[in-house]
2 protein chains.
Amino acid sequence: MKELYNCDVGCPIQNTLQVISGKWKSVILYHLFEFDVLRFSELQAKLPYVTKRMLARQLAELEEDNIINKKIYATIPVKTEYSISKFGKTLQPVIKSMEIWGTDYNDVYTSK
Amino acid sequence: MKELYNCDVGCPIQNTLQVISGKWKSVILYHLFEFDVLRFSELQAKLPYVTKRMLARQLAELEEDNIINKKIYATIPVKTEYSISKFGKTLQPVIKSMEIWGTDYNDVYTSK
DNA sequence: CTGGATCCTTGGCGATACTG
DNA sequence: CAGTATCGCCAAGGATCCAG
């Protein structure tokens, strides 16, 4: 069950949070925007501090929300590929603005 | 202690998350961007589902990060005012893009 | 290789009471 | 009014094992 933001004051931010607030979702999306298609193991490599379990959960939620597409190759061993869905691409401005800010003010936290 | 996103792969998104990932921070910022100045009790009224304790913590963290300014009037009873700092205003594109997406895709989650 | 199921620990967070 | 302090619960999340 994913966390719910029950906002009764009609704050539009809440809708966005529903989708990207997961602890690692925006980072996952960032990488997927950059590389278009990534396998599970590749994502794991990019987020080494995130456990497999959490990564799988976050991916599952993103897929539930139709933000990403999951493609399973029934080879042996199995292979999966994740990519941003058409709907997911609408989030690009959000992720991009976060990326820009994070780049501009990189020093703020690395210097701490 | 605030949660730490220890990303060693140099993902700029992480910097942004450090600042706005708190459970209610982006919503707080959204309201502060809209109203410029808000008292503690006014923020409470806008986020009725957030406990006073959590609101105070989120505000304290935002102040620590120099995102918001806190002004205390030593009257009786005490009165405080919160506003976005100069540095905090650099986050406007991020909050704004979240607001836009949330508005555009409002129906996605309200219809569920 | 890509997960799911299970167990177990931790700390996030609510409830309540207290203070200047 | 605007918080802080203390207690306690429960769910988020880690570790490990299992499976197709």
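Naming: A, B, ... by sequence-line order, numbering from 1 per chain.
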K79(A) atom NZ: more than 12 heavy-atom contacts under 6.0 Å: yes
Heavy atoms of other groups near K71(B) NZ, more than 12 under 6.0 Å: no
Tell me: [atom1] of [X] to [atom2] of [N], nearest whole Å?
X: R57(A); N: dG4(C); atom1: CZ; atom2: P; value: 10 Å
X: Q58(A); N: dG3(C); atom1: CD; atom2: C1'; value: 15 Å
X: E63(B); N: dT4(D); atom1: CD; atom2: P; value: 10 Å
X: L59(A); N: dG3(C); atom1: CG; atom2: C1'; value: 11 Å
X: E61(A); N: dG3(C); atom1: CD; atom2: P; value: 15 Å
X: L38(A); N: dG3(C); atom1: CG; atom2: P; value: 13 Å
X: Q44(A); N: dG3(C); atom1: CD; atom2: P; value: 10 Å
X: K79(A); N: dG3(C); atom1: NZ; atom2: P; value: 13 Å

Nearest listed nucleotide, side chain of S41(A), among dA2(D), dC1(C), dG4(C): dC1(C)
Under-4.0 Å salt bridge between K70(A) and E81(A): no
Residues R39(A), E42(A): salt bridge by 4.0 Å N-O rule: no
Contact summary for S85(B) and G88(B), nearest pair of heavy atoms: OG-N, 2.9 Å
Ring geometry between W101(A) and F87(B) (parallel below 30°, tilted from 30 to 60°, perpendicular above 60°): tilted
Main-chain N/O of V94(A) paired with S97(A) side-chain donor or acceptor, under 3.5 Å: yes
Nucleotides 14-20 of chain D: protein proximity per nucleotide (B base, S sugar-phosphate only, - neither; heavy atom, under 4.0 Å): BB-B--B
Contacting residues from residues 68-76 of chain A, given that a heavy atom lies under 4.0 angstrom of DNA chain D: none
End-to-end axis angle, where each axis spans five pairs of the helix from dC1(C)-dG20(D) to dG20(C)-dC1(D), to 10°: 50°
Stepwise side chain to side chain contact (heavy atoms under 4.5 Å, CB included) test for Q44(B) and V50(B): CA-CA 7 Å; Q44(B) 253 191 303; V50(B) 180; over 6 Å; no
Hphob cluster co-occupancy, Y30(A) + F35(A), side-chain heavy atoms under 4.5 angstrom: yes
Ring centres under 6.0 angstrom apart (Y49(A), W24(A)): yes
The single option from I67(A), I20(A), L32(A), N69(A) passing side-chain contact (heavy atoms from CB on, under 4.5 Å) against L62(A): I67(A)
